[in-house]
Student: 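Encoded as structure tokens, here's the structure I'll be asking about.
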Amino acid sequence: MRNSEIAQIFQDIADILEIKGENPFRVRAYHKIVRILETLPEEIEKVCQRGELRNIPGVGEGLAKKIEELLATGKLAYYEDLKKQVPSGLVELLAIPEIGPKTVSLLYKELGINNVRELEKAVKEHRLKDLPGMGPKTEENIRRGIELLKKKQGRMLLGRAYPLAQSIIERLGGLPEVDRISLAGSLRRMRETIGDIDILVASRKPRRVMQVFTELPGVTEILSIGETKSSIIMEENLQVDVRVVEPDSFGAALQYFTGSKPHNIKLREIANKRGLKINEYGVFEIKSGEKISGQTEEEVYATLDLSYIPPELREERGEIEAAQEGKLPHLVELRDIQGDLHVHSRWSDGSDSIRELAEAAGKRGYRYMAVCDHSQSLKVAGGLSVDERWKQIEEIRKINKELKNFRVLAGAEVDIHSDGSLDYEDELLKELDIVIAAIHSGFKQNREIMTGRVVRAMENRFVHIIAHPTGRLLHEREPYQVDVETLVREARRTGTFLELNAFPERLDLNDIHCRQAKEAGVMVALGTDAHHQGQMEMMPYGVATARRGWLEKKDILNTLSLKDLLKRLKG
DNA sequence: GCCGTTTTCGGCCCGACTGTTTTCAGTCG
């Protein structure tokens, strides 16, 4: 059984236990194991085989036994039993905003409602408002909640949400009433997808800020408007929350609203042990109630003897322990990136000439850029025949003679055939400065074949990089069945680099994989996969994902100078 | 359900907001 399947079962258990009104801390224990499983860099089965389940913080005797049972039999008696007690449709009701476990339980007991369809019907017939603890407003809120759930088709891509948030910040930040303003929430942590945009403002005149905010162009609905918090819906059904605090609390509030929740919980536990309390207003001594810090985030962390933890790391994946020991990574920054290692020109399916691309890259401060147009098999993307490729190499050589302080690397994104062979012969590959191998066909192969296919490509000594190694397209296509653990190991063995494709739909490798690569000593190659010059702007999303994967400058191939890069590519 | 240089039992992060109440429960982040 795979980690994601086991995680799904524990998630289900957590939901059922909540509806049953079980001890919330038991529920929390299940939520925690779900998160652990979703981000574990190896299969839990291997951990189990090594007898190390109990070494995972959050896994005690009970969960260890349940995991063992699932791995051994594919089933869990406890879960099967729970499912009999609670109709399956109740869990889906939890997804509706405004509805939590208590309401689900009430609806079921009083009205026999056990799925969304029945709830909609009951709302229409106004059967909810007379239930104990409910009234017409709650009924209306639930109606809107169902509507919202239907409209909101999941989370928005980082690459879409980020510019939107920036434009809001620019508008609000320009107000004289705004002292400070910042992104918060998962967007500040640069998660690959986000549920809503959180913005934090420091101001002594919240009313004015809220007025401007709720009247922004593009606002389609105002969900709530208050002194400290307002929520709106913008076009594309994106929810935006703004919170306003006093300037003195800005740091504590920013820390608090940036999350993640598990990160904050852990931080507060540490604070408690020291007789301190953290909330969004500051760090307080519990006994005296005296405020110790809160103006800046740095202060908040320093009060707990922690070095400052960058937002991208705040996922409770060991960053707090690292901060305690002063062993946080020195994360890579955008300005460390010396060039883009994956762009397409109009020779294949891009829309700009190599010269235009080079000029744009130079303007970004880059020293080099790898033009990696598709290879001959990929006809839909205008893949280059062998002849065309030779001509392109010639053109690039010519362009390089004209350029100063900038180098266009002659590259190719070469298809890996179904059997692992490559789309060009070695005698052509060896003429290229940089060769990226990629899968664009046969997505349905099983795990073993797919993994072996990529490994075979790695074994070709002219292949430098594996492009978008899992092939996922967020919201569109699942990753193909490839064993990343093996890829990382084989990359190390063969001296191959793995790409972190910065395109927002891809972000592939993802953060967890990046960390795996780092730990195995495999360098990551950052490329935007730009198909026109504007798309080179996607690089920050790649850098952010690298940071989420704990990567430092030394872990990334294209932080090297041109000279060092060329040396690495040869060796 | 987990966990322990204050504990193997009794704790487990913290507050805002809303709508329903007349002091609080439920939900959310």
Side-chain angles (χ1 to χ4, degrees), chain A residues 10 13-14 17-19 21-34 36 53-67 78 82 93-107 128-142 144-145 148 184-189 194-200 206 223-231 239 241-245 249 252-284 286 300 304 314 316 320:
Chain A
F10 285 143
I13 291 176
L17 290 178
E18 257 200 303
I19 292 168
E22 272 275 2
N23 179 346
F25 298 104
R26 174 181 282 183
V27 175
R28 195 167 106 185
Y30 280 101
H31 281 144
K32 186 167 183 182
I33 184 65
V34 170
I36 290 169
L53 280 180
R54 297 286 305 270
N55 294 358
I56 302 174
V59 178
E61 197 186 336
L63 284 175
K65 280 204 171 129
K66 289 187 172 73
I67 292 168
Y78 174 68
L82 273 180
L93 291 178
L94 277 180
I96 302 170
E98 303 285 329
I99 292 193
K102 297 289 192 295
T103 309
V104 170
S105 176
L106 179 78
L107 292 170
L128 263 49
K129 63 177 169 42
D130 298 325
L131 292 175
M134 291 218 177
K137 284 201 174 164
T138 307
E139 186 173 82
E140 170 60 12
N141 281 340
I142 289 177
R144 290 211 315 189
L148 212 62
S186 57
L187 191 49
R188 181 158 181 252
R189 303 199 311 279
I194 60 115
D196 54 23
I197 292 177
D198 290 306
I199 292 170
L200 181 70
L223 293 177
S224 70
I225 174 164
E227 286 266 306
T228 66
K229 184 189 163 184
S230 295
S231 296
Q239 184 173 332
D241 296 344
V242 162
R243 297 159 202 265
V244 181
V245 296
S249 300
L254 186 56
Q255 196 291 313
Y256 171 71
F257 290 123
T258 298
S260 67
K261 198 169 165 178
H263 174 90
N264 285 355
I265 288 177
K266 182 133 192 173
L267 224 53
R268 285 160 192 214
E269 282 169 355
I270 291 172
N272 277 348
K273 283 183 190 148
R274 297 172 166 227
L276 302 172
K277 186 179 77 167
I278 306 179
N279 59 28
E280 56 263 57
Y281 304 111
V283 185
F284 299 85
I286 293 175
V300 173
L304 300 177
R314 300 182 196 170
E316 225 273 270
I320 293 175

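Reckoned from all heavy atoms, side chains included, excluding hydrogens, waters and symmetry mates.
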Student: With no angle test and no hydrogens, is the base of dG29(B) tied to the side chain of Asn264(A) by a donor-acceptor pair under 3.5 Å?
Tutor: no
Student: Consider only side-chain N and O atoms of Asp241(A) and Gln239(A), and report whether a donor and an acceptor are under 3.5 Å apart.
Tutor: yes
Student: What is the distance, to the nearest angstrom, from the CG atom on Leu200(A) to the P atom on dG29(B)?
Tutor: 16 Å
Student: Over all strands shown, is Pro57(A) touching base, sugar-phosphate only, or nothing at heavy-atom distances under 4.0 angstrom?
Tutor: sugar-phosphate
Student: Heavy atoms under 4.0 Å, any strand shown: does Ile225(A) hit a base, just sugar-phosphate, or nothing?
Tutor: nothing
Student: Between dC3(B) and dT8(B), how far apart are the C1' atoms? Round to whole Å, please.
Tutor: 9 Å
Student: Round to a whole Å and report the spacing from CD of Glu140(A) to P of dT20(B).
Tutor: 12 Å
Student: Between Arg188(A) (CZ) and dG29(B) (P), how many Å, whole number?
Tutor: 19 Å
Student: Rounded to whole angstrom, note down the C1' distance from dT20(B) over to dG26(B).
Tutor: 10 Å
Student: What I want to check is whether the side chains of Ser260(A) and Arg314(A) have a donor and an acceptor closer together than 3.5 Å.
Tutor: no
Student: Strictly below 4.0 Å: does Thr138(A) bring a side-chain N or O up to OP1 or OP2 of dT18(B)?
Tutor: no
Student: Rounded off to whole Å, could you give me the CG-to-P distance for the Leu223(A) and dG29(B) pair?
Tutor: 11 Å
Student: Ignoring hydrogens, what is the shortest heavy-atom contact between Asp198(A) and Arg243(A)? Give both atom names and the distance.
Tutor: OD1-NH2, 4.3 Å
Student: Looking only at side-chain atoms of Glu280(A), point me to the closest of dC14(B), dA16(B), dC13(B).
Tutor: dA16(B)
Student: Using a 4.0 Å heavy-atom cut-off across all strands, classify Pro132(A) as base, sugar-phosphate, or nothing.
Tutor: nothing
Student: Locate the shortest heavy-atom distance separating Arg26(A) from Leu17(A); write the atom from each residue and the value.
Tutor: CD-CD1, 3.9 Å
Student: Once you measure the plane-to-plane angle for Tyr30(A) and Tyr78(A), does it fall in the parallel (<30°), tilted (30-60°) or perpendicular (>60°) bin?
Tutor: parallel
Student: In the structure shown, which nucleotide is the Watson-Crick or G-U wobble counterpart of dT8(B), with both distances under 3.5 Å?
Tutor: none
Student: If you measure from the P atom in dT5(B) to the same atom in dG1(B), how many Å do you get, rounded?
Tutor: 23 Å
Student: Just label dT22(B) as syn or anti from its O4'-C1'-N9-C4 or O4'-C1'-N1-C2 angle, using within 90° of 0 for syn.
Tutor: anti
Student: Expressed as a whole number of Å, how far does the P atom of dT21(B) sit from that of dT27(B)?
Tutor: 15 Å
Student: Given atom CZ of Arg243(A) and atom C1' of dC14(B), what is their separation to the nearest angstrom?
Tutor: 13 Å
Student: Given atom CZ of Arg268(A) and atom P of dC12(B), what is their separation to the nearest angstrom?
Tutor: 14 Å
Student: Choosing from dC12(B), dT27(B), dT20(B), which nucleotide comes nearest the side chain of Pro136(A)?
Tutor: dT20(B)
Student: Using the P atom as the reference point in each nucleotide, state the distance between dT7(B) and dC12(B) in Å, no decimals.
Tutor: 16 Å
Student: Classify the nucleic acid contact of Asn272(A) as base, sugar-phosphate or nothing, counting any heavy atom under 4.0 Å across all strands shown.
Tutor: sugar-phosphate
Student: Identify, between Ile265(A) and Lys229(A), the residue whose nearest nucleotide on DNA chain B lies closer to the 5' end.
Tutor: Ile265(A)
Student: When you match Ile286(A) and Leu17(A) each to their closest nucleotide on DNA chain B, which lands nearer the 5' end?
Tutor: Leu17(A)
Student: Using the P atom in both, what is the distance from dC2(B) to dT6(B), to the nearest Å?
Tutor: 23 Å
Student: Can you check whether Gly275(A)'s main-chain N or O pairs, donor with acceptor, with Asn272(A)'s side chain at less than 3.5 Å?
Tutor: no
Student: Within less than 4.0 Å of OP1 or OP2 of dC28(B), is there a side-chain N or O belonging to Tyr256(A)?
Tutor: no
Student: One pair to check against side chain to side chain contact (heavy atoms under 4.5 Å, CB included): Glu18(A) and Arg28(A). What are the steps and the verdict?
Tutor: CA-CA 10 Å; Glu18(A) 257 200 303; Arg28(A) 195 167 106 185; over 6 Å; no
Student: Can you tell me how far P in dC13(B) sits from the matching atom in dT18(B), rounded to whole Å?
Tutor: 25 Å
Student: Of the options dG26(B), dC17(B), dG1(B), whose atoms approach the side-chain atoms of Thr228(A) most closely?
Tutor: dC17(B)
Student: Within this structure, what is the CD1-to-P distance between Ile270(A) and dC12(B), rounded to whole angstrom?
Tutor: 16 Å
Student: For Lys137(A), report the nucleic acid contact type (base, sugar-phosphate, nothing); a contact means any heavy atom under 4.0 Å.
Tutor: sugar-phosphate
Student: Do you know which of Gln255(A), Glu280(A), Glu316(A) makes side chain to side chain donor-acceptor pair (under 3.5 Å) with Asn264(A)?
Tutor: Gln255(A)
Student: Which pair of heavy atoms, one from Leu94(A) and one from Gly100(A), lies closest together, and at what distance?
Tutor: CD2-C, 3.6 Å
Student: Met134(A) has an atom CE; how far is it from atom P of dT18(B), in whole Å?
Tutor: 18 Å
Student: Looking at the side chain of Lys261(A), which of dC12(B), dC13(B), dT27(B) is the nearest nucleotide?
Tutor: dC13(B)
Student: Return the residues of residues 25-34 of chain A meeting this criterion: a heavy atom under 4.0 Å from some atom of DNA chain B. Order them by number, or give none.
Tutor: Phe25(A), Arg26(A), Arg28(A), Ala29(A), Tyr30(A)
Student: Taking NZ, NE, NH1 and NH2 as the nitrogens, is one of them in Lys273(A) or Glu269(A) under 4.0 Å from a carboxylate oxygen of the other?
Tutor: no
Student: So what does Lys129(A) touch, heavy atoms closer than 4.0 Å: a base, only the sugar-phosphate, or nothing?
Tutor: nothing
Student: Please classify the nucleic acid contact of Leu267(A) as base, sugar-phosphate, or nothing, using heavy-atom distances under 4.0 Å.
Tutor: nothing
